[in-house]
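Keep in mind it's a predicted model, so treat the numbers as computed, not measured. Counting convention: from 1, in listed order, for ligands and their atoms alike.
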Amino acid sequence: MRVRRCGVVMLEPAERVEFDLARLAGGGSGLYTTIDWIAFAPHTGRSFTLTAAEAIALGGLSPSEWIEADGIPADVLESLLAHTLLIEEGSEADARDQRVRGTDWRPTAAVMHFASRWRAVETEELQQQFIDNYQDDLLDHLGPPPPAVRERSDADARIALPKASRSALDALLDGRVTCRNFDRDRALSKADFAAVLYRAFGARAVDDYAPGVELLKKGVPSAGGLHPTEAYLLVRRVDGVEPGLYHYHPVHHALEPIRAMPLDEATALARRFVGAQPYLLDAQAFVIPTSRFRRNFWKYRNHAKSYRALILDIGHLSQTLYLAATELGLAAFITAAVNEVDIEEAFGLDPLEEGPLAVTGFGIRAAAKTEVEFDPLHAVWKDA
Ligand SMILES: Cc1cc2nc3c(=O)[nH]c(=O)nc-3n(C[C@H](O)[C@H](O)[C@H](O)COP(=O)(O)O)c2cc1C
């Protein structure tokens, strides 16, 4: 059998603190520490605890050259093969590993991406644990945050800048307030739904840049002009659009149906997508910006900045979606606390090809506020 190391793996020497009664009886705290070797490989999407012998063996094996497995101690070989950290030539793991290699990920970025995906996490539970841990003295425990503003000169050294006269953009920016109070009874008009999608995600022009290289011109910037971000939709309440899952076609400005479902099911799925944050679930439409890695990495191969560029692209899309919604008197949100694995499964996305990095949504704001929103300008909530 010929083997080689998987293309990307990170080994973390993680310290574990344990308690031993015998040590306590012998004097001291009873606490002792050990080092666990934690291996994380993006093609598995999981981490494994290795023995020191396995970690050393893995570190000494080539990721490029196939070698006969004879020289590797049997127990080490068995464990590393089981975790697919060591790849057998021609195996299923080999095919999967090749796909990670073929995507031209920067290894550290691949580890970051695949190690931060969630499945079925409920953020309210995490928040409650946090509150329970700190009880009432959260601020005592954490101390104050760093100041809101970093000041680099004395007040009298500052050069005052002229104030811009108030514009339509100012009104739009002031009115952009993350919504956690959507109207649970009303449906969004198809026209408004379509307008927000077009302004955030639609292609305004298609340019045949070079043979085989088509570039889209959008209202947002994108690294290399490649626009690797797709818009997948979970529609709840839009007039004339059945609840369900869709993909938005940015050139044809059209919905590509993936799966229709009853409203209840769409809401339950939305709950899963946003880590069970209840105040987001009445949004009429959810948009899941999803990066097609290869579209960006085609140009920025194994590049130190490419993954960062994917995330930055989504920031631009999200803000544009917020402003497009605000202009129409609608409201929007974004959340990074999302269950990527559940989203991938629902839309049938191959995580080695494309990955959701956030969930945004928009719709009609409720008349009354029950959940907190940050509106110190009273731009939305006049009396609150
Ligand atoms: C990257 C990112 C992640 C966010 N995640 C959440 C979230 O998980 N839940 C939520 O309710 N709001 C989330 N927000 C919204 C922020 O809480 C909100 O922007 C902030 O409170 C300021 O309010 P504003 O957007 O109305 O100015 C997120 C915003 C950003 C940019």
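- Of the options Arg271, Gln128, Gln127, Arg272, a side-chain hydrogen bond (donor to acceptor under 3.5 Å, both in side chains) to Glu122 is made by Arg271 and by none of the others.
- Between Asp313 and Lys218, no side-chain nitrogen of the basic residue sits less than 4.0 Å from a carboxylate oxygen of the acidic one, so the salt-bridge criterion is not met.
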- Passes salt bridge (Lys or Arg N to Asp or Glu O under 4.0 Å), Glu340 versus Arg117? Steps please. CA-CA 5 Å; Glu340 293 87 347; Arg117 282 154 74 240; over 6 Å; no
- Message: Could you go through Tyr232 and Ile258, starting from their C-alpha distance and side-chain angles, then the distance that decides it, and tell me whether this counts as side chain to side chain contact (heavy atoms under 4.5 Å, CB included)?
- Response: CA-CA 9 Å; Tyr232 285 91; Ile258 293 175; 4.0 Å; yes
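- For atom 4 (C) of ligand 1, the closest non-hydrogen atom of the protein is Ile334 O, 3.6 Å.
- Looking only at protein heavy atoms, the nearest one to atom 18 (C) of ligand 1 is Thr178 OG1, 3.7 Å.
- Within the 4.0 Å cut-off (strictly below), no protein heavy atom is located near atom 20 (C) of ligand 1.
- Atoms of ligand 1 found under 4.0 Å from any heavy atom of Ala337 (numbered from 1 in listed order, with element): 8 (O).
- Residues Arg158 and Glu151 are paired through a salt bridge, judged by an N-O separation under 4.0 Å between the basic side chain and the carboxylate.
- Looking from atom 22 (C) of ligand 1 to the surrounding protein, the closest heavy atom is Phe374 CD2, 4.1 Å.
- Among all non-hydrogen protein atoms, the one lying nearest atom 7 (C) of ligand 1 is Thr335 OG1, 3.3 Å.
- Proximity of a side-chain donor or acceptor of Asp36 to a complementary backbone N or O of Ala14 within less than 3.5 Å is not detected.
- Criterion: ILVMFWY side-chain heavy atoms under 4.5 Å apart, direct or through other members. Under it, Phe48 and Leu81 are part of a common hydrophobic cluster.
- Of all the heavy atoms of Tyr279, the ones lying under 4.0 Å from any atom of ligand 1 belong exclusively to the side chain.
- Scanning the protein heavy atoms around atom 9 (N) of ligand 1, the nearest turns out to be Gln277 OE1, 2.7 Å.
- At least one heavy atom of Arg176 sits under 4.0 Å from some atom of ligand 1.
- Those atoms of ligand 1 that come under 4.0 Å of a heavy atom in Val177, given as number and element, are 26 (O).
- Contact annotation: for Arg180 versus ligand 1, heavy atoms closer than 4.0 Å belong to the side chain alone.
- Shortest contact from atom 1 (C) of ligand 1 to any protein heavy atom: Ala336 CB, 4.3 Å.
- Inter-residue side-chain proximity for Leu226 and Tyr300 is flagged as met; some heavy-atom pair is nearer than 4.5 Å.
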